[in-house]
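Remarks on the structure that follows.
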Amino acid sequence: MGGYLIAPSLLAADFSRLGEQVAAVEKDADLLHLDVMDGHFVPNISFGPPVIASLRPVTSLTFDCHLMTTNPDQLLPALAEAGADVVTLHIEAMPDPSEAAKSAADLGLRFGLVLSPPTPFAAVAPFMELCSMVLVMSVQPGRGGQEFDSKVLSKVETARNWIESHELKADIQIDGGISPATIMAARDAGANVFVAGTAVFGAPNPSEAIRDLRRVIEGET
Ligand code: DX5
Ligand code: ZN
């Protein structure tokens, strides 16, 4: 996708007024990050294709769906139908994602892979050519509001070096604990897509919070 992109995570929004919350970030967000959790791959259950479908008509933002589910490939047709644009699947849930990548492409979805904090970059390296995005989790997946784990920064560097040395175009997304205090370290390690839940929807003005994050990474103060 190119450039620095900010992806507010709707998981931190007020679920009693999802439409309004999306409208609050529409102008400033680059992507809308949608965390799909199944109560099995992670303990929590969040939302899935029906909720995503109900949001599709109210926004033109790109829907970036982070699948924290067992058998994530089985959700792809319903997500495509619901209006998803990008799907990212955990490599821990699907150690050989080649078929899933093919299905995603057939469904017109951009495809990416996700690494939980303990999983090394080597787990996704063989599949990087299939990916338009690699997502490095900087917290344990499953809930928002956790502290950024700076131990994953070396994995972001590894991913950046791999992408450059193989002349690939994949984006590097980072997710978990991103705030004005942590986003610079993620950028400097090589991430270019920044997910922020609490830092955006926990702020009094979500749009202003996105602009603050952007000012930090673009080096203006
Ligand atoms: C965690 C989710 C994140 C979460 C981030 O499992 O993948 O997208 O919403 O929330 P914050 O920014 O609060 O860490
Ligand atoms: Zn996420």
Side-chain angles (χ1 to χ4, degrees), residues 4-39 41-48 51-52 54-56 58-69 84-86 88 90 114 116-117 133 135-153 156 171-189 191-221:
Y4 294 132
L5 304 176
I6 313 268
S9 167
L10 205 61
L11 191 66
D14 176 351
F15 281 18
S16 72
R17 45 190 194 98
L18 278 184
E20 280 167 52
Q21 296 269 273
V22 172
V25 298
E26 173 93 36
K27 245 179 41 243
D28 290 283
D30 298 298
L31 306 170
L32 188 66
H33 186 81
L34 297 163
D35 289 299
V36 177
M37 303 179 183
D38 66 350
F41 181 73
V42 291
N44 265 335
I45 297 176
S46 56
F47 50 75
V51 170
I52 294 171
S54 72
L55 292 171
R56 187 65 288 177
V58 307
T59 176
S60 55
L61 284 170
T62 297
F63 281 180
D64 164 35
C65 301
H66 172 192
L67 306 190
M68 284 163 272
T69 67
D85 299 291
V86 184
T88 59
H90 273 263
V114 192
S116 287
M133 179 132 82
L135 166 50
V136 176
M137 291 301 298
S138 39
V139 296
Q140 200 51 42
R143 60 191 172 82
Q146 303 176 72
E147 198 183 325
F148 183 78
D149 178 358
S150 56
K151 289 199 295 294
V152 307
L153 291 172
V156 173
D171 288 296
I172 302 179
Q173 184 175 46
I174 189 148
D175 181 8
I178 292 292
S179 73
T182 57
I183 196 167
M184 258 320 221
R187 185 203 80 169
D188 289 346
N192 72 301
V193 183
F194 307 90
V195 176
T198 309
V200 171
F201 288 106
N205 182 335
S207 250
E208 187 55 44
I210 295 172
R211 292 196 291 273
D212 285 346
L213 289 168
R214 208 184 295 282
R215 266 194 291 274
V216 174
I217 41 174
E218 288 176 357
E220 306 158 33
T221 43

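It should be emphasised that the depicted structure is a prediction, and the values quoted were computed from it without experimental measurement. For the numbers below, each heavy atom of this structure counts, side chains included, while hydrogens, waters and symmetry mates do not.
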For the [atom1] atom of [X] and the [atom2] atom of [Y], what is their distance to the nearest 0.5 Å?
{"X": "L34", "Y": "L10", "atom1": "CG", "atom2": "CG", "value": "6.0 Å"}
{"X": "D30", "Y": "I210", "atom1": "CG", "atom2": "CD1", "value": "8.0 Å"}
{"X": "T88", "Y": "D171", "atom1": "OG1", "atom2": "CG", "value": "12.0 Å"}
{"X": "L31", "Y": "F194", "atom1": "CG", "atom2": "CZ", "value": "11.5 Å"}
{"X": "S207", "Y": "E26", "atom1": "OG", "atom2": "CD", "value": "10.0 Å"}

Return yes if a side-chain donor-acceptor contact under 3.5 Å exists between [X] and [Y], otherwise no.
{"X": "Q173", "Y": "N192", "answer": "no"}
{"X": "S16", "Y": "D14", "answer": "yes"}
{"X": "D35", "Y": "H33", "answer": "yes"}

* To do: Check the angle between the aromatic planes of H90 and F41 and answer parallel, tilted or perpendicular using the 30° and 60° thresholds.
  => tilted
* Check against side chain to side chain contact (heavy atoms under 4.5 Å, CB included), D175 and V136 -> CA-CA 7 Å; D175 181 8; V136 176; over 6 Å; no
For the residue pair [X] and [Y], establish whether any side-chain heavy-atom pair is separated by less than 4.5 Å.
{"X": "I52", "Y": "F63", "value": "yes"}
{"X": "V114", "Y": "M137", "value": "yes"}
{"X": "V200", "Y": "V25", "value": "yes"}
{"X": "C65", "Y": "V86", "value": "no"}

* Do R187 and E218 meet the salt-bridge criterion of a basic N to acidic O distance under 4.0 Å? -> no
Just distance, no hydrogens or angles: give the donor-acceptor pairs under 3.5 Å from side chains in residues 140-152, sequence neighbours left out.
| from | atom 1 | to | atom 2 | distance (Å) |
| --- | --- | --- | --- | --- |
| Q146 | NE2 | Q140 | O | 2.8 |
| Q146 | NE2 | R143 | O | 2.9 |
| D149 | OD1 | K151 | N | 2.9 |

* Asked: Which pair of non-hydrogen atoms, one from P206 and one from A24, has the smallest distance, and what is that distance?
  -> CG-CB, 4.3 Å
* To do: For the pair L32 and V22, evaluate side chain to side chain contact (heavy atoms under 4.5 Å, CB included) and give the outcome as yes or no after the intermediate values.
  => CA-CA 8 Å; L32 188 66; V22 172; 4.0 Å; yes
